[in-house]
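Just so you know, these numbers use all the heavy atoms, side chains as well, and skip hydrogens, waters and symmetry mates. Small disclaimer: the values here were computed from a predicted structure and weren't measured. Below, chains carry the letters A, B, ... as their sequence lines are ordered, and counting in each starts from 1.
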Amino acid sequence: MSENLVRVRFAPSPTGYLHVGGARTALFNWLYARNQQGVFVLRIEDTDRERSTAASLDAIIRGLEWLGLDWDEGPGKGGPCGPYAQSERLPVYRAALRELQDRDRVYRCFCSDEELERRMQAAKDEGRAWDGYDGHCRRLPAAQIAAYEAAGRPACWRLRTPPTGVTFWYDIVVGKREFQNEVITDRVVVKADGFPTYNFAVVVDDHTMGITHVLRGDDHVSNTPFQLMIYDALGWTPPKFGHMPMILGPDRKRLSKRHGAVSVEEFRDQGIIPQAMVNYLALLGWSIGASGDEVMTSEGLIKKFSLKKVNSSPAAFDYDKLEHINSQHLKRMDPDHRRALALPILAARGWSYDPAWQVPGASDQHTYVDRLLALLGGRFSSLRTLPDQLVFFFREDFPVDAEAWRQQVAGAAGRERLAALAEAMDRALPADRPAGAAAYEEVVRELAERSQLAAGELIHPARVALTGQGRSAGIFEVMEALGRPRVVGRLRRAAG
RNA sequence: GUCCCCUUCGUCUAGUGGUUAGGACACCGCCCUUUCACGGCGGCAACACGGGUUCGAACCCCGUAGGGGACGCCA
């Protein structure tokens, strides 16, 4: 490992899905690694044997892959610092514990949960502060220790933390942070079951994996001084730390399920595309600066990303802006990519092109969908709404907006106009040849003039008859994409 | 309760001693138009408060208030 090579990591615990907070942490690490041409490591923190599940791990990996955040070392990839799951690194932690024992920086703690609970209660009752542990076993007489050991009493290992002084570091995001040592208690380093705690495993892994920058959520700030004490106890040089601000809900409370979607897969299911998710997440807590387009691809983000521009204040998640970024990506995407997104959505519904429709320029599903998406243009702003926007191009039993129908079609005038329009088209357009938008428009305008109507008085009823909706893309283009047989058929049907 | 952090339009943010405090989302209006979008143009809207420092503070210092986070043999 070269000295100045950046090595960063994302270290989720497999106890749930990949939520936006985790996704953003992963993203920032990934962006930094890619920007610096460093290495991005994925490490699985599964030291909690109760809560870790294979299903969660799958979900997290799926989420990362969906976002396009590829890792250089980790599960499925291997690497020189493996294994990359903490549950498989027990020997590494054991060696580190031995080192701490040799240096007399840890001690055994025999306190049971009940005892701890009792002393905490007592402290509270007497109005004394209780900040996690009272150092009881630190002062245990040797004879007592021997007795407990002989009895086989379960014990964990606690770090002997310095009682006075200060521990500080220069945080990449907020600058100097310092803690008085007396507020840091002798936390557990190895549990009674022999597994390391999070704080211990993180330090050992970050060190043995050569991590140079630890970029994580702000909720880890208070763990940092304790971790620095572990580095110190082991005689290791700590990495640089950067704590990213939290992501808040619209109510400025920590973002959670009750705010709406929080897992990246939920966003995917709601029609958000990964490029947009990545783009939006990057904008949350980081800024491109005064100039520059906010809408960026991952490549653009990598080029622009800088830790210096990461904000120190928590940011509220804005679903509206995500939608906007999403629509921008969809709109700017090249036609092939747009079609690739649309095709599976249509296929899932069994909607496919039929040559009998006589649509000019369309010969199969691909060419037809290309036509439809071109016609939709900027209206194609979400994957979720796409089926509603296209249903009437594929089915005759498309939904009809009742209010629009009542206003435009239901009355005698509406029906008469539609009947007249149907006949005019039937007469003017050759039955065996596809008609273009201009041809439809000519018929409509001619009839309008002949009947002394405004063109709109034909157009609006036709739109409802043809699409079921009061609004749509340009109606003549819609007619062209529907094809003559269906246009005439639907007009007649609506005319009753 | 203890410790730590944060504070520019409703939201995301630019800004690091002298700016008409800029952009984006949302919202409103106008234009475009067969409707709806898109797009274009314009508008509304912010330096939490109080003291300092300074010729001059959004920017520096100190308080206050508000918000967030952490206090596990969870991670």
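If you check distances only, the side chain of A:R379 does reach the base of B:C36 with a donor-acceptor pair under 3.5 Å. Residue-to-nucleotide contacts include a donor-acceptor pair under 3.5 Å from the side chain of A:N223 to the base of B:A75. In this model, no side-chain donor or acceptor of A:R177 finds a partner on the base of B:C4 within 3.5 Å.
The side chain of A:E45 lies closest to B:A75, out of B:A75, B:U34, B:U11.
Within a 6.0 Å sphere centred on CD of A:E126, heavy atoms belonging to other residues, nucleotides or ligands number more than 12.
A:L283 comes within 4.0 angstrom of sugar-phosphate atoms only, judged by non-hydrogen atoms across all strands, and of no base. Nucleic acid contact for A:A455: none, since no nucleic acid atom lies under 4.0 Å from a heavy atom of the residue. Residue contacts for A:K176: at a heavy-atom cut-off of 4.0 Å it reaches no nucleic acid atom on any strand shown. A:E117 comes within 4.0 angstrom of no nucleic acid atom, judged by non-hydrogen atoms across all strands. Nucleic acid contact for A:A462: none, since no nucleic acid atom lies under 4.0 Å from a heavy atom of the residue.
Side-chain N/O atoms of A:K321 include none lying less than 4.0 angstrom from OP1 or OP2 on B:A26. Of the side-chain N and O atoms in A:N311, one or more sit less than 4.0 angstrom from OP1 or OP2 of B:A14. The phosphate of B:A75 has OP1 or OP2 within less than 4.0 Å of a side-chain N or O from A:T47. In this structure, A:R254 reaches the B:A70 phosphate: one of its side-chain N or O atoms is under 4.0 Å from OP1 or OP2. Using a 4.0 Å cut-off, some side-chain N or O of A:K309 falls inside it from OP1 or OP2 of B:G15.
Checked by atom type, the side-chain pair A:R216/A:T224 shows a donor-acceptor distance below 3.5 Å.
When both distances must be under 3.5 Å, the Watson-Crick or G-U wobble mate of B:A58 does not exist.
Aromatic rings from A:H213 and A:Y32 are positioned such that their centres are separated by under 6.0 Å.
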